[in-house]
Amino acid sequence: MSHGFYIGLSYAVSALIVAVLIGWVWWDGKARQKELAELERAGVRRRSSAPAGEAQ
Amino acid sequence: MTESLAITKFSDLANPARFLSLTGRIIPWLAGLTLCLFAIGLYLSFTTEGDYQQGDTVRIMYVHVPAAWLSMMCYTVMALSAIGTLVWRHPLADVSHKAAAPLGAAFTLIALATGSLWGKPMWGTWWVWDARLTSVFILFLMYLGLIALNRAMDDPSKAARVSAVFILVGFVNIPIIKFSVEWWNTLHQPASVVRLDGPTIDPEFLTPLLVMAVAFTLLFFTLHLMAMRNEIWRRRVGAQRRLAARMASREA
């Protein structure tokens with residue numbers, strides 16, 4: 001096997017791992033935002049985000 | 001006065017809502033800068049001269065060395081966060097070390113894979129159990145262990161304290177990795193960039209290496225901030241679900 005094979009494979013493996021990592025972090029963020037939006041729609045709010053009058 | 005202002009600014013970040021708003025502003029800039037540096041770094045990696053001994057295989061070093069550097073830097077960030085968890089109980093410290101573990105595992109895997117792909121044509125073998133390679137492999141297993149530990153425990157604050165102790169005990173491996181090439185006879189070459197008497201690498205190779213190292217470091221910090229933000233959102237979802245369950249049981 002030529003050195004070009006090892007160089008190409010090194011960059012391909014690194015690019016694949018970085019792409020999976022970025023994709024996973026991105027997807028995880030989108031999934032959590034979706035869950036928070038669903039809870040908001042269902043009327044479940046954090047105490048700190050409730051309107052001022054409602055807190056009493 | 002200046003010191004107390006700095007402390008106030010730092011403790012302001014303890015508020016996850018402020019942290020989220022800050023990361024929302026920083027992440028796009030960091031991501032853009034990372035992308036630009038990768039474009040320059042990759043251009044330099046493939047346009048600079050090959051080595052007179054290694055030939056073009058030296059180009060593998062431009063991903064291997066930054067990934068290996070990050071595998072250790074990530075663990076150091078986790079160790080500092082672990083101190084934050086155990087000493088100051090900073091609300092973001094446990095979020096920080098939990099979010100960093102998968103990133104550290106990924107960069108260590110890149111270092112191991114590219115090192116192996118460089119070793120085959122240069123050393124004639126994919127792997128040897130020398131001190132440097134073995135200690136980095138142990139680091140990879142430690143990252144996997146920390147990810148498993150965090151996932152195995154339901155209570156995030158208890159998981160954070162147990163992980164923090166594990167991280168600080170495991171930090172002993174970092175100087176072992178760094179100095180393994182000096183303390184023992186290894187097939188892996190000794191340090192040639194971070195040395196007391198300066199780098200021994202020709203600027204032809206040092207420039208792409210440093211640009212790629214900065215690009216990888218910025219990639220790590222971009223992903224770390226994003227992963228920390230995700231973890232804060234995950235904890236909010238958990239807290240709001242518990243609140244919803246309490247409300248439902250009260251109504252019942």
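FYI, side chains are in, hydrogens and waters are out, and symmetry mates aren't considered; it's all heavy atoms of this structure. Letters go in sequence order (proteins before strands), and every chain restarts at 1.
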Distance from [X] atom [atom1] to [Y] atom [atom2], nearest 0.5 Å?
{"X": "A/Trp24", "Y": "B/Met226", "atom1": "CH2", "atom2": "CE", "answer": "10.5 Å"}
{"X": "A/Leu9", "Y": "B/Ser116", "atom1": "CG", "atom2": "OG", "answer": "10.0 Å"}
{"X": "B/Met122", "Y": "A/Tyr6", "atom1": "CE", "atom2": "OH", "answer": "9.5 Å"}
{"X": "B/Arg234", "Y": "A/Glu35", "atom1": "CZ", "atom2": "CD", "answer": "8.5 Å"}

Please find the pair of heavy atoms, one from [X] and one from [Y], that lie closest to each other, and give the distance.
{"X": "B/Asn230", "Y": "A/Gly29", "value": "OD1-CA, 3.0 Å"}
{"X": "B/Pro102", "Y": "A/Leu21", "value": "O-CD1, 4.2 Å"}
{"X": "B/Leu117", "Y": "A/Ser10", "value": "CB-OG, 3.4 Å"}

B/Asp155, CG atom: more than 12 neighbouring heavy atoms under 6.0 Å: yes
If you draw a 6.0 Å radius around CH2 in B/Trp123, do more than 12 non-hydrogen atoms from other residues or ligands fall strictly inside? yes
Does B/Ile232 reach the side chain of A/Arg32, with side-chain heavy atoms less than 4.5 Å apart? no
Would you check if A/Val18 and B/Ile110 make a side-chain contact, meaning some heavy-atom pair closer than 4.5 Å? yes
Most chain A-contacting option - heavy-atom pairs closer than 4.5 Å, from B/Ile60, B/Thr114, B/Asp56: B/Ile60
By a 4.5 Å heavy-atom criterion (distance strictly below it), what part of A/Ile22 contacts chain B: side chain, backbone, both, or neither? both
Engaged part of A/Val25 at the chain B interface, taking heavy atoms whose separation is under 4.5 Å: both
Select one option (side chain, backbone, both, neither) describing which atoms of [X] are under 4.5 Å from chain A's heavy atoms.
{"X": "B/Phe46", "value": "side chain"}
{"X": "B/Ala113", "value": "side chain"}
{"X": "B/Arg59", "value": "both"}

Starting from the C-alpha separation in whole Å, work towards a yes-or-no answer on side chain to side chain contact (heavy atoms under 4.5 Å, CB included) for B/Trp233 and A/Asp28. CA-CA 10 Å; B/Trp233 284 337; A/Asp28 191 30; over 6 Å; no
